[in-house]
Amino acid sequence: MEQLLELYTNWKGSRPSNVEKLAGAGSNREYYRLYDEECNAVIGVIGTSRDENHAFIYLAKHFEKRRLPVPHLLAVSADELCYLQTDLGNTSLFDAIRGGREAGGRYNLAEQKLLRNAIRELPNIQLRGARGLDFSNCYPQPEFNQDSVLFDLNYFKYCFLKATELDFHELKLEANFRMFAKDLTSEKMDSFLYRDFQARNIMLDKEGSPYFIDFQGGRKGPFYYDLASFLWQASAKYSFKLRRELVFEYYQSLKNYTEVPSKRHFVNRLSLFVLFRTLQVLGAYGFRGYFERKKHFIDSIPPAIQNLRDLLALGDDVFPYPYMMDMLKRLTLLPQFAHIEKPAANRTDGLKTAEKDVYKANPLDGPATFSKYDGKGPLVVRVFSFSFKKGIPEDTSGNGGGYVFDCRSTHNPGRYEPYKKITGLDEPVIRFLEDDGEILDFLKPVYKLADHHVERYMQRGFTDLMFSFGCTGGQHRSVYSAQHLAEHLNEKYGIEVHITHREQGIEQTLKAK
């Protein structure tokens, strides 16, 4: 500490009027905020590893020459064990998006904008930052390579996998690990791999612009790693839609700095790094949780396992490592990792998490107008079965009706004596229709169309939607179709659905969930 105070005094010309110790980061370095008489502050850092400090000091100076948003170094001790840098304030991206994280991934529009700003800036430090950079100054190694990949994969094996007591063949797994490591290191290695690119290491200025800190663990490597590390951080709980949008933002920004691979290649390569990063963090969670008994890391395991489940669903075409994939599937099926669906949390601040205007208009079109029914909600769907002989059902909502589907192209059970006195709600008719299969093929595009329409009406807050199914007598095919669509929509979207089998005199309401 005295060495840091001496460094400050030599730089400033006077000792600091106040010193405030800050929370530590992942390394053994200590952070302090030092104030002068006018309450102007700088950040002082004391490290125990000269090599780690040297890496940060070299990278910070290099990045500043490249005009990248990093802290400015004010003074460095001769042995590089302590230094002073500009104070970027107290607001990290991690703090700024806390509301969305605590609401289970329901990020409001301001938080989504901050995430987009950060992800657009990432290729800047990765590609422009790598130009002219002497990677021999990096710590603890200059380059992402197969040895480092295998080290992390074995860290996962010994610190997480073995702790679960899952049975596996170690030599077969090791062979797949080597194939995986070879594929991960087959990409171009001409960018700066930040290594610890996360929301905690991004500071925000008063305008919300991102500044990067704690990049001393960086090295030469492929740019996919940092994107995977940031977007698939389990605790962030980014929705699939938001994550996809941020990947697109990154891909578009990357075009400004280098020739980009095709979208298919980019997505496939990114998937490999997401899997690698997931195994990496599970290894860390296993060591910190199972062995050091730290609750935070134990609590982080279920969302990381869910990330793994989602990845495995991509299939063997993306991950051609059959034994490793089989082992990981068995891992996700262990009882201690059983997936428990939790209800979506609401934001405590009441801020909205979606755009009011769900349509993307061309700027030349001018502002859009909206229906007077926008935002009224909640949606109620009405589903009818009927006989074409007696006319299409009347719409009583005033909306002019909705979809009308003609079921008469499908095989009619009403032509056969055993089914003439029963309906599409009865088991024999259901079995006849489903064994025949025509009605199932008929309903596939109907479901797809209905799903899209319901989702859009829910987004816009509309209150009424109507589907009608007609056949010859309104007894078999139309009744089956109406009932099954109604149950599908109620189950999938939890909305209230009113069913009317008009010719049978049957009405039913499926309550909202």
Side-chain angles (χ1 to χ4, degrees), residues 23-28 92-107 111 115 118-119 149 151-166 194-202 214 217 225-240 242-243 246-247 270-313 324 327-345 347-348:
S27 67
N28 293 323
S92 69
L93 178 61
F94 182 81
D95 295 327
I97 62 173
R98 183 185 304 277
R101 188 172 58 254
E102 292 179 347
R106 296 171 63 85
Y107 290 92
E111 292 161 349
L115 288 166
I119 213 69
V149 171
F151 176 87
D152 285 328
L153 291 175
N154 282 301
Y155 187 62
F156 159 75
K157 179 173 68 176
Y158 290 114
C159 293
F160 185 85
L161 187 57
K162 282 185 175 290
T164 66
E165 300 184 354
L166 180 73
Y194 199 116
R195 178 72 178 183
D196 198 18
F197 187 72
Q198 56 165 306
R200 293 179 190 273
N201 291 338
I202 301 172
D214 280 359
Y225 182 98
D226 294 325
L227 184 63
S229 176
F230 186 79
L231 293 184
W232 274 264
Q233 185 178 1
S235 60
K237 300 174 184 172
Y238 299 126
S239 68
F240 176 79
L242 178 58
R243 190 182 280 152
L246 293 173
V247 169
L270 177 60
S271 298
L272 293 184
F273 281 88
V274 174
L275 177 59
F276 174 59
R277 182 61 181 161
T278 302
L279 300 185
Q280 250 186 340
V281 298
L282 282 172
Y285 294 164
F287 179 74
R288 296 294 183 91
Y290 293 147
F291 295 100
E292 295 186 348
R293 310 305 302 169
K294 293 184 177 178
K295 186 177 184 300
H296 166 71
F297 293 99
I298 292 175
D299 292 342
S300 298
I301 290 173
I305 289 290
Q306 185 55 44
N307 276 351
L308 184 57
R309 283 193 190 94
D310 295 341
L311 282 169
L312 295 177
M324 186 173 79
M327 180 274 297
L328 292 175
K329 286 174 185 174
R330 289 189 291 115
L331 177 67
T332 61
L333 295 174
L334 290 176
Q336 62 264 42
F337 302 136
H339 179 58
I340 301 173
E341 192 71 39
K342 295 181 179 179
R347 290 189 62 96
T348 56

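In this text, all values refer to a predicted model and were calculated from it rather than measured experimentally.
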Determine whether the side chains of R309 and T332 contain a donor N or O and an acceptor N or O closer than 3.5 Å.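 Per modelled atom types, R309 and T332 side chains form no pair under 3.5 Å.
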
Cut-off 3.5 Å, side chains only: do D95 and S92 have a donor facing an acceptor?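 On atom types as modelled, these side chains qualify, holding a pair under 3.5 Å.
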
What's the separation between atom [atom1] in [X] and atom [atom2] in [Y], rounded to the nearest 0.5 Å?
X    : Y    : atom1 : atom2 : value
S239 : R106 : OG    : CZ    : 10.0 Å
R98  : E111 : CZ    : CD    : 11.0 Å
S271 : F276 : OG    : CZ    : 15.0 Å
R330 : L166 : CZ    : CG    : 4.5 Å
F230 : Y238 : CZ    : OH    : 4.0 Å
K237 : E102 : NZ    : CD    : 9.5 Å

Using the rule ring pair (Phe, Tyr, Trp, His ring centres under 6.0 Å), only one of Y155, F287, Y290 pairs with F160; which is it?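 With F160 as partner, ring pair (Phe, Tyr, Trp, His ring centres under 6.0 Å) holds for just one option, Y290.
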
[X] vs [Y] side-chain heavy atoms within contact, under 4.5 Å:
X    : Y    : value
I298 : K294 : no
Q198 : Q233 : yes
N307 : V281 : no
L231 : F197 : no
L308 : L331 : yes
L328 : L275 : yes

Partners meeting salt bridge (Lys or Arg N to Asp or Glu O under 4.0 Å) with R195 (sequence neighbours left out):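 If we apply the salt bridge (Lys or Arg N to Asp or Glu O under 4.0 Å) test to R195, skipping adjacent residues, the hits are D152.
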
Identify the two heavy atoms, one from [X] and one from [Y], that lie closest to each other, and give their separation to 0.1 Å.
X    : Y    : value
L153 : L279 : CD2-CD1, 3.9 Å
A118 : L93  : CB-CD2, 3.9 Å
I301 : Y285 : CG1-CB, 3.7 Å
Y194 : D214 : CE2-O, 3.7 Å
C159 : A163 : O-CB, 4.1 Å
A234 : A304 : CB-N, 3.6 Å

Check against side-chain contact (heavy atoms from CB on, under 4.5 Å), F337 and Q306: CA-CA 9 Å; F337 302 136; Q306 185 55 44; over 6 Å; no

Intermediate values then yes/no, side-chain contact (heavy atoms from CB on, under 4.5 Å), F273 and L227: CA-CA 9 Å; F273 281 88; L227 184 63; over 6 Å; no

Between Q280 and Y225, is the side chain to side chain donor-acceptor pair (under 3.5 Å) condition met? List the steps. CA-CA 11 Å; Q280 250 186 340; Y225 182 98; 2.7 Å; yes

Taking the six-membered ring of F94, is NZ or CZ of R200 closer than 6.0 Å to its centre and within 45° of its axis?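 Pair R200/F94 counts as cation-pi.
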
Exceeds 12 heavy-atom contacts within 6.0 angstrom, atom CD of Q336: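 Atom CD in Q336 is crowded, with more than 12 foreign heavy atoms closer than 6.0 Å.
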
Can you name the residues that form a side chain to side chain donor-acceptor pair (under 3.5 Å) with T278, not counting sequence neighbours?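 Testing T278 for side chain to side chain donor-acceptor pair (under 3.5 Å), a comparison that skips the adjacent residues, returns none.
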
Side chain N201, main chain D196, donor-acceptor under 3.5 Å: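 Here the side-chain-to-backbone pair exists.
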
